[in-house]
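First the structure, in the form of structure tokens, and then the observations on it.
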Amino acid sequence: MQHEAPSTPAAVAGPGAAVERLVEVVDLLRRHCRWTAALTHEALLAYLVEETYELYEAVDDVARASEPSPGLVDELRGELGDVLFQVVLHARLAAEQDRFDLADVVAGLTAKLVRRNPHVFAADGALLELSGAAAGPGGAAGAPASADEIVETWHAVKRRENPSRTSPFDGIPHHLPALAFAAKTLARAGESAGRSEGGPESGTAGTQQEFPPGDEAALGQALLELTRRAVHLGVDPERALRRAVLEYQADSERA
């Protein structure tokens, strides 16, 4: 999708003023544009998926470039804006139904980030004041915790927030693409980088292959070859993997 650089003073007035202007524009579109006025949560779903994939591609394009061109950077900025537009629109629709508004969305996110990062914030949201060896990386305030400990704390707080979720797979969207669905499932099951376990439940005979750590290209080629085999066999690889993941989840919960 092509994007034009912002031409309004809001671009240099700080995020607060820019977001306020965006909310105002969306409000005006809802009241004066027939197409925007007809939108519903359901109607926006297709656009949300499309815009999310376009953002993914823009991020990856910048990440893969040793020196991203101004065009790539501008594309990333624009795609971030398109996804933000989706968020503001959904919040606007909810506000029209007296459910919540964008301020509620932002407040909820802020509270969650504070709550799930106790190595940075006190319970009241204030920044923890630590010094010396207790200071975090780069001199930032924070408890001396490893990345793994931080992630575990995040998940522990999340479990307390959702006590009804008893399965490690609860909360994983089943509409994720099959490969992302598989990766998320394995991570929730305790699989991690550097861990490789054989056995009949971890793979199919003839498909096991060792890869050097971090060799993304080799793994990508192997996945492509496996997809090619599925195509030659007349098998839908997306459906095959999704069903295998669902069976894995069921087997894990029965164990």
Quick one: does any side-chain atom of [X] pair with a main-chain N or O of [Y] as donor and acceptor, under 3.5 Å?
{"X": "Asn117", "Y": "His119", "value": "no"}
{"X": "Arg228", "Y": "Leu223", "value": "no"}
{"X": "Glu79", "Y": "Glu54", "value": "no"}
{"X": "Arg188", "Y": "Ser167", "value": "no"}

Only counting residues at least two apart or in another chain, list the ones meeting side-chain hydrogen bond (donor to acceptor under 3.5 Å, both in side chains) with [X].
{"X": "Glu152", "value": "Arg159"}
{"X": "Asp251", "value": "Arg254"}
{"X": "Arg160", "value": "none"}
{"X": "Glu96", "value": "Arg30, Arg92"}

Query raised in the report: Less than 4.0 Å between a side-chain N and a carboxylate O, is that true for Glu247 and Arg243?
Result: no
Query raised in the report: Would you call Glu161 and Lys158 a salt bridge, taking side-chain N to carboxylate O under 4.0 Å as the test?
Result: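 A salt bridge is absent here (no side-chain N lies under 4.0 Å from a carboxylate O).
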Query raised in the report: Got a sec, which hydrophobics cluster with Val73, joining ILVMFWY side chains under 4.5 Å apart, including via others?
Result: none
Query raised in the report: With clusters built from Ile, Leu, Val, Met, Phe, Trp and Tyr whose side-chain heavy atoms come within less than 4.5 Å, directly or transitively, what are the remaining members of the cluster of Leu80, listed by chain and number?
Result: Leu55, Val59, Val62, Leu72, Leu76, Val83
Requested in this report: Determine which pairs satisfy ring-ring contact (aromatic ring centres under 6.0 Å, His included) with at least one residue from residues 54-113, sequence neighbours left out, and list them in order.
Outcome: His41-His90
**Report entry** Pairwise distance CG(Asp170) to OG(Ser164) - rounded to 0.5 angstrom
**Finding:** 7.5 Å
Hey, any chance [X] and [Y] share a hydrophobic cluster, counting ILVMFWY side chains that come within less than 4.5 Å of each other, even indirectly?
{"X": "Leu29", "Y": "Val23", "answer": "no"}
{"X": "Leu48", "Y": "Leu44", "answer": "no"}
{"X": "Leu39", "Y": "Leu45", "answer": "no"}
{"X": "Val87", "Y": "Val106", "answer": "yes"}

Query - Set of salt bridge (Lys or Arg N to Asp or Glu O under 4.0 Å) partners for Arg165, sequence neighbours left out - result: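 So Arg165 forms no salt bridge (Lys or Arg N to Asp or Glu O under 4.0 Å) with any residue.
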Query raised in the report: Partners of Phe181 by ring-ring contact (aromatic ring centres under 6.0 Å, His included), sequence neighbours excluded?
Result: His174
Query raised in the report: Under the ring-ring contact (aromatic ring centres under 6.0 Å, His included) test, which residues partner Tyr47, sequence neighbours left out?
Result: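 Applying ring-ring contact (aromatic ring centres under 6.0 Å, His included) to Tyr47 gives Trp35.
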Query - Heavy-atom closest pair, residues Pro237 and Val235 - result: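 Taking Pro237 first and Val235 second, the nearest heavy atoms are CD-O, 3.1 Å.
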Report task. Only pairs at least two apart or in different chains count here, so list each salt bridge (Lys or Arg N to Asp or Glu O under 4.0 Å) that has a residue in residues 102-112. Result ->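 The answer is none; no pair qualifies.
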Query raised in the report: Do Leu102 and Val19 have side chains that get closer than 4.5 Å, going by heavy atoms?
Result: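 Side-chain contact under 4.5 Å: yes.
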Query raised in the report: Listed by chain and number, what are the side chain to side chain contact (heavy atoms under 4.5 Å, CB included) partners of Val49, not counting sequence neighbours?
Result: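 So Val49 forms a side chain to side chain contact (heavy atoms under 4.5 Å, CB included) with Tyr53.
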